[in-house]
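Quick notes on the structure that follows.
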Amino acid sequence: MPEYKKTANKKPNKKKTNKVANGFRLVVFWLIILCIGGGLFMTLSGGEGGAETEKDITTVLGYANEEKLDTIIVRGNELHVIPRDGQDLPRMVSRKDGSGTLQEQGFEEAITSGKVKIKIEENVDVMGTILDIGMIVLPVVFVLLFLSYMMRQAQSMNNQSMGFGKAKARLYGNEKKRVTFNDVAGNEAAKQDLSEIVDFLKSPKKYEKLGAKIPRGVLLAGDPGTGKTLMARAVAGEANVPFFSISGSEFAEMFVGVGASRVRDLFDKAKKNAPSIIFIDEIDAVAHKRDARGGAGREDEQTLNQILVEMDGFENETGVIVIAATNRIDMLDKALLRPGRFDRHVNVTLPERKDRVEILKVHFKNKPMAKDVKIDALAAKTAGSSGADLANIANEAAIAAARAGREEITNADITEAFERIAIGPERKSKVMNDQERKITAYHEAGHAIVGHVLPDSDPVHKITIIPRGHAGGVTWFLPPEDRSYKNVYELKDILARAMGGRVAERIMFGKDGVTTGASSDLQHVAELSREMVTTEGLGNKLRDQVFNSDEVNFFGDRARNYSEKTAEVIDQEIADLGAEADKRAEVVLKANMKSLDILANALLEKETLEEDEVVKLLKGATLPEEAKLHE
């Protein structure tokens, strides 16, 4: 691997851009200061030093005749009087009659005999002068300011138009609060793959001497909330190289070619700072599969083509590593997934039980908890939850404790938070009449009895007829342990217990007495049945055959890769699975009518039943032979 010269990250230099504007502002500022200062100086320096005492003209005339005055300065109708040296008199100011001269007003003898000197000065109108200057200067200043503003606006618009094709990537590396691999709990395999990338950047010679080459790209794939972006932030915190982060949607624009321009600009920035890392979040926004609707005129395809060229074109030794994240790897173009572009695919899976324990410890680390709180018990109940779900549970538990006025988080707060997220918040304000409560009680009891009796079903965790979320009541099943696979027996038991509510309504209230409360159950049965037949190859007649297709035709519809006759067989298989689930649920409930009444009445009385209470109430429930799938 060649040596890459690491250059400093250059920031835009705005000194030249603002030099003219700053100089102009300085000139305008000093002009205003000079005008104000000059006016104040002329106002304050109107007399020739010292404060003046106002006297009437008769007193001044008396002083003049007594030869106590040295000079009288005449400024219009104002008389500024300066006494002789040695006289204990202050400087004085007086006014004469504007219709006559001093001689006409009694000063003729003092003037002609030399008792006082007369000095005539032009009367200066200070405020008038300031106004005259302002009338000239201020319009010029306003015009210049307006022109400056218009020039800056034009320059800003020009910069925006010139920067339209620039990448909007954010550069990380000098943050005070960094995320490291120590902050990421679980998914050790994914952390190992990414830590190798960081180690290669820090110690390239260790790998180069063995002939190893650094992967050009790493693709993080997994369900939403599993921590893909968090791991990328950990890479940014661990690596001492420039880390550019951008979202896939930031490449997309309505104008063809803009996305490709932004890709080029992003990789140019990364190459100038090589070795460096580019992180593209939600890459499926710009790199989805090309189909029959494609063409050179499509913006998304031009952007994808540019990404392909930048990642593995003629210039393939750039020192830039691309890390991308997606939760729809099935949508990505196969040209992007090949070695040479994304050499390493990292599956960020949902956390297992031991990983959930570590994740919960991280999120509860700075939260005060009661001593009897058991993180292990919460981890056992949260199978299938992502890291984001667990973080949300911890936060909701803290909110619940604060709402109740407690200073510590208790088991009750954690249970409330878990149930709020898993099955929705309680809606105690919703009022149901007695008939609706009875229907809901038998409906939920039907789910619970079928799930309790069938051998391959998960155990009942909780039953409630209190409305939660969009449901009128909830029967909650939780697996006792994490499972990676499900067999046909387990899936058919899930279908049967889902039909238990509708069947219980039909048995208790008649064929036409059933309600719309089972709509979500029926939808779940239909979706799971179709998935078993078309995706998992678990149908009866079409066993080991799959029929799902990701291909899209010219009109944007999914192409069906099987015949009309096969479609009829698929529909019949789905109907048969639903009918079988209905039949098994009916057999179980009719064989356990006593247990059904006991459980429904307990729900009407208590509204909510926990797992141990359900087990005691259903102690006498049995599994009839007709409902068995195996010995």
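One is the number of the first residue; the rest follow in order along the sequence.
For the atom pair CD1 (Ile197) and CD1 (Ile321), the distance works out to 5.0 Å, reported to the nearest 0.5 Å. Thr608 contributes atom OG1, which lies 4.0 Å from atom CD1 of Ile466 (distance to the nearest 0.5 angstrom). Note that NZ of Lys583 is 6.0 Å distant from CD of Glu626, once rounded to the nearest 0.5 Å. In this structure, Leu596 CG and Ile449 CD1 are separated by 4.5 Å, a value rounded to the nearest 0.5 Å. With values rounded to the nearest 0.5 angstrom, Lys462 atom NZ is found 5.5 Å from Arg468 atom CZ. Expressed to the nearest 0.5 Å, how far CD1 of Ile598 lies from CG of Leu618 amounts to 8.5 Å.
Contacts classified as salt bridge (Lys or Arg N to Asp or Glu O under 4.0 Å) and involving residues 590-599 (residues at least two apart or in different chains) are given here: Glu586-Lys590. Counting only residues at least two apart or on different chains, the salt bridge (Lys or Arg N to Asp or Glu O under 4.0 Å) pairs with a member in residues 344-360 are Asp193-Arg344, Glu196-Arg344, Arg356-Asp482. Applying the side-chain hydrogen bond (donor to acceptor under 3.5 Å, both in side chains) definition to pairs two or more places apart or across chains, those involving residues 609-621 are Lys606-Glu613.
Put simply, the side chain of Asn327 does not reach to within 4.5 Å of the side chain of Asp223, judged on heavy atoms. Side-chain contact between Asp493 and Leu629 is present, with at least one heavy-atom pair separated by less than 4.5 Å. The shortest distance between side-chain heavy atoms of Glu573 and Leu542 falls below 4.5 Å. The closest side-chain heavy-atom distance from Phe342 to Val322 is below 4.5 Å. Contact annotation: the side chain of Asp458 never approaches that of Leu478 to less than 4.5 Å [non-hydrogen atoms, C-beta and beyond].
Asp389 places a side-chain N or O within 3.5 Å of a backbone atom of Ser386 that can act as its donor or acceptor partner. When atom types are taken as modelled, the side chain of Arg437 and the backbone of Asn433 share no donor-acceptor pair closer than 3.5 angstrom. A donor-acceptor pair under 3.5 Å is absent between the side-chain atoms of Thr535 and the main chain of Met532, judged by distance alone. Between the Thr415 side chain and the Ala412 main chain, no donor and acceptor come within less than 3.5 Å of each other. The closest donor-acceptor contact from the side chain of His345 to the backbone of Leu219 lies at 3.5 Å or more, if one exists at all.
A pairwise comparison of heavy atoms in Ala448 and Phe477 identifies CA-CZ, 4.3 Å as the closest pair. For the residue pair Ala581 and Met499, the shortest heavy atom distance occurs at CB-CG, 3.9 Å. Contact detail for Gly500 and Val450: the closest heavy-atom pair is CA-CG2, 4.1 Å. The minimum heavy-atom distance between Val546 and Gly537, with the atom names listed, is CG1-N, 4.0 Å. Leu603 and Ile465 make their closest contact through O-CD1, 3.4 Å (heavy atoms, listed as atom of the first residue, atom of the second, distance). The two atoms that bring Ser529 and Ile574 nearest to each other are CB-CG2, 3.8 Å, heavy atoms only.
Tyr489 pairs by the ring-ring contact (aromatic ring centres under 6.0 Å, His included) definition with His630, not counting sequence neighbours. With sequence neighbours excluded, no residue forms a ring-ring contact (aromatic ring centres under 6.0 Å, His included) with His363. Applying the side chain to side chain contact (heavy atoms under 4.5 Å, CB included) criterion to Ala400, with sequence neighbours excluded, gives Arg403, Asp413, Glu416. Applying the salt bridge (charged side-chain N to carboxylate O under 4.0 Å, His left out) rule to Glu564 yields the partners Arg560; only residues at least two apart in sequence or on another chain are considered. Residues satisfying the salt bridge (charged side-chain N to carboxylate O under 4.0 Å, His left out) criterion with Glu580, sequence neighbours excluded, are Lys492. With sequence neighbours excluded, the residues satisfying side-chain hydrogen bond (donor to acceptor under 3.5 Å, both in side chains) with Asp333 are Arg290. Under the salt bridge (charged side-chain N to carboxylate O under 4.0 Å, His left out) criterion, Asp571 pairs with Arg530, not counting sequence neighbours. Taking the side chain to side chain contact (heavy atoms under 4.5 Å, CB included) definition, one finds that Glu536 meets it with Glu531, Leu538, sequence neighbours left out.
Of the options Val184, Ile323, Val218, a side-chain contact (heavy atoms from CB on, under 4.5 Å) to Met231 is made by Val184 and by none of the others.
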Under 3.5 Å, side-chain donor or acceptor atoms of residues 505-518 against the rest of the protein: list the pairs with distances, not counting sequence neighbours.
unit_1: Glu505; atom_1: OE1; unit_2: Thr515; atom_2: N; d: 2.8
unit_1: Glu505; atom_1: OE1; unit_2: Thr515; atom_2: OG1; d: 3.0
unit_1: Glu505; atom_1: OE2; unit_2: His443; atom_2: ND1; d: 2.6
unit_1: Glu505; atom_1: OE2; unit_2: Thr515; atom_2: OG1; d: 3.3
unit_1: Arg506; atom_1: NH1; unit_2: Asp582; atom_2: OD2; d: 3.3
unit_1: Arg506; atom_1: NH2; unit_2: Asp582; atom_2: OD1; d: 2.9
unit_1: Arg506; atom_1: NH2; unit_2: Asp582; atom_2: OD2; d: 3.4
unit_1: Thr515; atom_1: OG1; unit_2: Gly517; atom_2: N; d: 3.2

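Ring-plane geometry between His461 and Trp476 is classed as perpendicular, the angle between the planes exceeding 60 degrees on a 0 to 90 degree scale with a lower cut at 30.
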Self-check item: Gln572 and Asp576: CA distance, side-chain angles, deciding distance, side-chain hydrogen bond (donor to acceptor under 3.5 Å, both in side chains) verdict
Solution: CA-CA 6 Å; Gln572 188 60 49; Asp576 291 343; 2.9 Å; yes
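With respect to the salt-bridge test (charged N to carboxylate O, under 4.0 angstrom), the residues Asp281 and Lys228 do not qualify.
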